[in-house]
Amino acid sequence: MKNHFFRIFLFAFTFSISINLGFAQQQSNLYQRIYLSGKDHSKAVLWDFKVSDGRNSGQWTRIKVPSNWEMEGFGTLNYGHDHRESDRVLGKEVGYYKHRFSGNPDWKGKVIRLVFDGVMTDTEVKINGQIVGPIHQGGFYRFSYDISGFLNYKKENILEVKVKKHSENESINKAEREADFWIFGGIFRPVFLEILPKTHFTRIAVDPNASGKLTTLLTLSQVPKAAQIKIELFEQGSDLAIGSKVEDISSDSVWISTQFDQIKAWNPETPNLYDARYSILQNGKTLFEKTERIGFRTVELRKNDGFYVNDVKVIFKGVNRHSSYPTTGRALSEANHLEDIFLMKEMNMNAVRMSHYVPDERFLELTDSLGLFVLDEVTGWQDAYDTIVGPKLVKETVLKDANHPSVVIWDHGNEGGWNFANEKGFHQLDIQKRPILYPWLQRNGFDTFHYPRYDAGINRLTSGQDVFLPTELLHGLYDGGLGAGLDDFWQSYTSNPLGAGGFLWVFADEAILRKDLGNIHDVDGNHAPDGIVGPYREKEGSFYTIKSIWSPVQVEPFILSPNFDGNIRVTNKYLFSNLNQTKLNWSIEAFNGWKERSEIHSGTIDLPEGKPGETRIVNLNLPSSWTSGDVLKITAIGINGEELYTWAKPIHNPTKGNQNYFRNDPPLETQNIVVRETSTDLQIAVGEKIYFFGKKYGNLQLIRVDRDLISLVQREEVEGVESTVSEVSWKRNKDGSIQIQSEYKPYPAKITWTVLTDGRLKMESSAPNFNGKNLDILGLGFSYPEEKVISAQWIGNGPYRVWQNRLKGVEFGLWEKEYNNTMTGFSFENLIYPEFKGFHSNFHALNLKTEEGEIEIRSETLGLFLGLFNPEIPPLSTPGTRPVLPKGDLSFLYKISPIGTKFHLADEMGPQGQKSNGVAHSGDTGYSMILWFDFK
């Protein structure tokens, strides 16, 4: 019996050994990667470190790898423009790294490659005291060494890396170090070993065509006799091959073409991915196996026509992105990449430009799987690499990134940062033959001019013959640019068949947390606060403007009146998807004063078939009682179930709306009005309230409620025009109310204040029926001490402020925000969005809470803007980002000012950025400004 059990045990043990040995043998033939650093900054590994100069220099300590050493408290931090300043110390320190790792006897006889994904910048590498290869130069690129002959396979190994932040190659310093971005040093991307058998692929280059044809260039380290290459294709996540091919090989360079039927093409809307498994076989045995994740798609520039992906003309809705985070510099994590991509997708973007260097490997893996077009860029801000290092860095870029389906275009430098002699490297190495751009040049069939004015260019851009694609557009600074002006540009560009879209500058404010300067967030003056989002990805107002304009499902403008029949026009702005893959959700909400809002009706509409570019009429099927609500919301739901954008419109005009919103207000009591007249003012008492009006201008000057004073003052000057008061009079009306009237020239003809017997104030200002010219703003203003403000509630468009050329991205509703004094893109230590101050459109009602009490103002006028105090303008604003603001603290306006960009004034950026002219004829009625005031 014992022998029986022993035989069973021996069989099981032997079987287990054979299984494990077989598995180990199988694993040994697979591509293997072993990380010596962390996979990203969030998983960093501590290495020994010493820096030559600057902070914490001269002593061995520990540092995270990957990281930028400046962000870990070492060396000197510079912005790229510092080389222009004679008083700046330029960090040219050298970093010394040491790391110990164990060898493995199983590696003996294999090829061991040591790979660096990014080191700034000149890098010398030693293993066990021996230099393993030539110094690598260039800070953003993958490079590697065969260290097989330097390793101790049974012992510990010492890796030493010497990093010079300032290169010995001057063209690298010009291209990378003297640029309009932060300058860092260190091993900032992962370091890993590749464990390879002697026979392996040294390159797998794929060209998966949208038709299903897969062309592959394979290069081998050694060519075994009687060997074959096998290609198998799998849907991502599946173990079941959907096709395969085996081909004999006799050369170290092999081209293989395979047709796979019924594949699903890759595009950013449906980013279908496949796993292509490549194996080297000999006598049925697998010598090496590596899998590439690929997407089938075809890219093509058709000159004088457009840029096509899968035979579809593409409109890029793109943004420029620096690899940057305030606490870690250019050393990023998976979470950083995902956050940025999700925010871009939330803004309905479909593209991103890598400015101004190649990105992390993981970022491209995510753009492949989540769906974004990528413009991949070889560095050269405004100076180029020479013909010594340039070709090497072009090669490293293509070898690392060429298999990513999301990469559809190569950028060769930026704004002069190119050497045309180095372009041939792209053509020689990229088997997909992607187009090559020179950002801001008209070259290679593209016109990529940066920061064009609206309708600019003689035989260029919208007036030219080339495909136009501004690779930097609407340069943001603080609250200027980006969303402001985009509506005009987008309507112009998309109406031109040569338009291929554009890339906004830039995604995020590139603030760096300076622990060496007392934990401030530094953007180097006004060089880097250019983002749509803040340094920690806080959303500015332009975020929602872009989201609205670039929504791939558009509800066309319509009038919501009592006669609305429920029909709306819906346009498909997708490039590859049908409208019937989307839907609309709608709801009717009702307000209950300032207290709450509630949904009273809702529904869902499955949208009909509609190809990209087509418009369909859709009925919302609203209930007959829909007009009992206050706001209609319509949400477009995208092809993946995501919210694309929500539009919200008031159901009523301000007069009817305010009756509805506050229908539950208690009735007001009628009381006698007592007037006391002095030589300078009228004091009008009704109940517990006393209103003080100046007799010279007829303006409200002070309010007293019981024993409390409310310091609201109607400004004597009119906002936007020079006007004079010709006459002031007052009278008691038959109903007991008191009326104060002022006559102005040229605007407004009359302002009439009425003190009602129920204690409220009514102000009526004549319609702007006059012939004024070049107006930035127009309306009436009030003064109020800002330091006494607590919060505001309002009914109107919100929650973000608007400019005349940034009216989209805000929607009608009941909004509330606490007072803050955020300066957009500047107040990094206390950045609160939405900002409290600024213009708000479609104004219906306001409840301003102050230390003195509540000031409630309701409107009866369509199309009125509320000016809620004036935002402070950051001190380094350029002329375009210093808009004209009201003189009053609270203002009620027919016309508000636009805002420009970092480089251009608002009136250079499109029709919505223009000043306005008042036009009038005798007999015009117009819309007078009617406001109701109450004080509590």
Side-chain angles (χ1 to χ4, degrees), residues 208-211 263-273 295-302 305-319 341-342 344-353 367-375 404-409 432 434-435 437 445-446 467-471 473 486 489-504 546-556 569-583 607-616 636-645:
N209 193 281
S211 66
I263 64 95
K264 299 173 185 176
W266 183 97
N267 65 66
E269 295 165 16
T270 51
N272 300 300
L273 293 175
F296 287 84
R297 58 102 184 94
T298 306
V299 300
E300 179 186 7
L301 171 64
R302 299 177 186 173
D305 179 358
F307 182 76
Y308 286 78
V309 174
N310 306 339
D311 286 329
V312 173
K313 184 181 283 192
V314 165
I315 301 293
F316 290 101
K317 301 173 181 177
V319 70
I341 291 171
F342 285 144
M344 292 173 196
K345 300 284 281 187
E346 187 180 344
M347 283 187 279
N348 294 311
M349 294 175 172
N350 64 10
V352 57
R353 176 187 172 213
T367 56
D368 290 343
S369 61
L370 297 173
L372 282 175
F373 291 129
V374 173
L375 274 59
H404 290 281
S406 56
V407 177
V408 293
I409 289 174
Q432 296 184 21
R434 277 164 274 224
L437 290 186
F446 280 104
V467 176
F468 67 93
L469 177 65
T471 37
L473 181 67
L486 180 60
F489 270 83
W490 208 245
Q491 289 185 49
S492 172
Y493 283 15
T494 55
S495 66
N496 189 320
L498 286 170
F503 289 80
L504 300 170
I546 296 162
K547 180 180 176 72
S548 169
I549 294 170
W550 282 355
S551 172
V553 173
Q554 288 286 333
V555 173
E556 304 299 332
R569 295 169 61 84
V570 182
T571 299
N572 183 3
K573 295 288 186 177
Y574 280 107
L575 296 174
F576 300 93
S577 304
N578 200 290
L579 193 64
N580 61 14
Q581 298 174 250
T582 68
K583 62 183 179 181
L607 293 176
E609 186 276 339
K611 296 177 181 179
E614 293 184 338
T615 299
R616 295 288 181 264
I637 304 297
I639 59 176
N640 297 307
E642 75 279 25
E643 185 254 359
L644 299 175
Y645 191 72

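- Y574 places a side-chain N or O within 3.5 Å of a backbone atom of I639 that can act as its donor or acceptor partner.
- Taking the six-membered ring for Trp and thresholds of 30 and 60 degrees, F468 and Y493 have ring planes more than 60 degrees apart, a perpendicular arrangement.
- Within the 4.5 Å cutoff, no side-chain heavy atoms of M347 are placed close to those of W550.
- Taking 4.5 Å as the limit, every side-chain heavy atom of T471 sits out of range of all side-chain heavy atoms of F446.
- Atom NZ of K313 has more than 12 neighbouring heavy atoms from other residues, nucleotides or ligands inside a 6.0 Å radius.
- Judged by distance alone, the side chain of N267 and the main-chain N or O of R297 form no donor-acceptor pair under 3.5 Å.
- N350 places no side-chain N or O within donor-acceptor distance of the main-chain N or O of F316, the cut-off being under 3.5 Å.
- At least one donor-acceptor pair under 3.5 Å links the side chain of T582 to the backbone N or O of L579.
- Using a distance-only test at 3.5 Å, with no hydrogens or angles considered, a donor-acceptor pair links the side chain of N348 to the main chain of L644.
- Side chain of N310 to main chain of T298: a donor-acceptor pair is present (N/O by atom type, distance under 3.5 Å, no hydrogens or angles).
- Looking at K317, its side chain never comes within 3.5 Å of a backbone N or O of I546 through a donor-acceptor pair.
- The closest side-chain heavy-atom distance from I409 to F373 is not below 4.5 Å.
- Under a 3.5 Å cut-off, the side chain of N578 and the backbone N or O of G610 do form a donor-acceptor pair.
- Remark: side-chain polar atoms of E269 are paired, donor with acceptor, to backbone N or O of S577 under 3.5 angstrom.
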